[in-house]
Amino acid sequence: LVSFRKARVELCELPAKQLEAIADTETPQGVVGRFAAPRHTLDELYRTNTRRLLLCENIGDPGNLGTLIRSALAFDMEAVITVGTSAELYSPKVIRGSAGAAFGMKMIHAQWSEVRRLAKSFGTVLVASDLKASQPFERVRALAKRRGVMLAVGSEAAGLSADILSCAEIRVRIRHSPAVDSLNAAVAGSLLMRASTSNPSDVGIIASRTTRSGRAERTFNNPSAPSA
């Protein structure tokens, strides 16, 4: 609340019952915001120098879409574009699912035909997630250094449409145990975004432990590093 006051945001205290009536959750956390949703055009967000885009097709679950937006911000995607029957970008459930990342990410819902037109015009590499694919992801990173890349993620139930798959220059899949049929769309999309970073060695696991003498030690584990 202090930061809101410093930014001169209008604040209003309400009785608990009124807050419960306004909020769309059964147990609101005590803060409800009202704001105008940002408005962008596709031409504003997608330009010739745009290098990293996330395309979400028919991601109807608000929690999944929110998680993808959060991961997009974490892994330096420049914009998120939704097509088809994806959830509303600025709906309360998507905002909550993104943990606020939606406010730091450029986003727009567009028609696939318009996205396809710009992608073809700019020479963007369309990378589609596909369970039947077998291409190595290293090729994506190599192409990203020279051309823009658009990662396309579809719903867990149906995957990407035939139209988008037919336009994809590269199709990739994530290898996993046969014990599960598929990965959650948000999990799969997040893994692909992480793998597409120009220098995956920058991403690793930092662990810390305290020795018997009380000294803190930190270790860095890089999953992408070759084993000795």
Side-chain angles (χ1 to χ4, degrees), residues 1-14 16 19-40 45-46 50-110 129 149-157 174 182-200 202-208 220-221 223:
L1 294 180
V2 174
S3 59
F4 286 148
R5 290 192 177 96
K6 288 182 179 180
R8 297 183 179 181
V9 175
E10 183 180 355
L11 301 176
C12 179
E13 293 186 13
L14 297 174
L19 182 64
E20 291 174 0
I22 294 174
D24 65 343
T25 57
E26 293 183 4
T27 55
Q29 297 181 350
V31 178
V32 175
R34 181 176 180 271
F35 61 93
R39 295 183 180 275
H40 301 286
L45 300 190
Y46 188 6
T50 303
R51 310 302 297 175
R52 293 169 54 75
L53 292 161
L54 175 65
L55 178 71
C56 300
E57 183 190 37
N58 300 333
I59 305 295
D61 183 271
N64 279 344
L65 184 55
T67 299
L68 285 166
I69 293 169
R70 185 178 184 180
S71 295
L73 186 62
F75 295 120
D76 299 322
M77 306 303 285
E78 296 174 54
V80 174
I81 301 173
T82 60
V83 296
T85 58
S86 294
E88 184 182 347
L89 282 167
Y90 290 100
S91 70
K93 290 183 179 180
V94 171
I95 297 297
R96 287 197 298 273
S98 76
F103 298 110
M105 174 59 61
K106 296 178 180 178
M107 309 185 299
I108 191 172
H109 181 79
S129 57
V149 169
M150 180 186 296
L151 296 178
V153 179
S155 68
E156 181 179 353
I174 300 170
S182 63
L183 293 175
N184 170 276
V187 172
S190 298
L191 288 172
L192 291 176
M193 283 186 276
R194 186 270 178 197
S196 72
T197 55
S198 58
N199 187 7
D202 287 341
V203 183
I205 301 171
I206 297 176
S208 63
F220 179 80
N221 174 33

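Start at 1 with the first residue, then count along the sequence. Small disclaimer: the values here were computed from a predicted structure and weren't measured.
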Please tell me if the side chains of [X] and [Y] come closer than 4.5 Å, counting only heavy atoms from C-beta onward.
{"X": "Tyr90", "Y": "Pro38", "answer": "yes"}
{"X": "Leu183", "Y": "Leu191", "answer": "yes"}
{"X": "Leu45", "Y": "Ile81", "answer": "no"}
{"X": "Ile69", "Y": "Met107", "answer": "yes"}
{"X": "Arg5", "Y": "Leu11", "answer": "yes"}
{"X": "Leu192", "Y": "Ser190", "answer": "no"}

Could you measure the distance from the [atom1] atom of [X] to the [atom2] atom of [Y]? Nearest 0.5 Å is fine.
{"X": "Ile174", "Y": "Ser129", "atom1": "CD1", "atom2": "OG", "result": "7.5 Å"}
{"X": "Met105", "Y": "Leu68", "atom1": "CE", "atom2": "CG", "result": "11.0 Å"}
{"X": "Leu65", "Y": "Ser91", "atom1": "CG", "atom2": "OG", "result": "7.5 Å"}
{"X": "Glu156", "Y": "Ser182", "atom1": "CD", "atom2": "OG", "result": "4.0 Å"}
{"X": "Leu151", "Y": "Met77", "atom1": "CG", "atom2": "CE", "result": "4.5 Å"}
{"X": "Tyr46", "Y": "Glu78", "atom1": "OH", "atom2": "CD", "result": "10.5 Å"}

Tell me the closest heavy-atom pair linking [X] and [Y], and the distance in Å.
{"X": "Ala87", "Y": "Val94", "answer": "CB-CG2, 4.1 Å"}
{"X": "Glu57", "Y": "Ser86", "answer": "C-OG, 3.8 Å"}
{"X": "Ala72", "Y": "Met193", "answer": "CA-SD, 3.5 Å"}
{"X": "Ala102", "Y": "Ile95", "answer": "CB-CD1, 3.6 Å"}
{"X": "Val32", "Y": "Leu19", "answer": "CG2-CD1, 3.3 Å"}
{"X": "Val83", "Y": "Ala110", "answer": "CG1-O, 3.3 Å"}

So, using side chain to side chain donor-acceptor pair (under 3.5 Å) as the criterion, who are the partners of Ser3 when residues are at least two apart?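 Side chain to side chain donor-acceptor pair (under 3.5 Å) list for Ser3, sorted by chain: empty.
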Would you check if the side chain of Arg52 reaches a backbone N or O of Asp76 as a donor-acceptor pair within less than 3.5 Å?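 The answer is yes, because a donor-acceptor pair under 3.5 Å joins these two groups.
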Treating His109 as the side-chain partner and Thr82 as the backbone partner, does any N or O pair qualify as donor plus acceptor under 3.5 Å?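 The answer is yes, because a donor-acceptor pair under 3.5 Å joins these two groups.
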Is it the case that Thr85 and Asn58 place a side-chain donor and acceptor less than 3.5 Å from each other?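 Thr85 vs Asn58: donor-acceptor pair found between side chains.
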Report the C-alpha separation of Val153 and Leu55 in whole Å, then their side-chain angles, then the decisive distance to 0.1 Å, and conclude whether the side-chain contact (heavy atoms from CB on, under 4.5 Å) test is met. CA-CA 6 Å; Val153 179; Leu55 178 71; over 6 Å; no
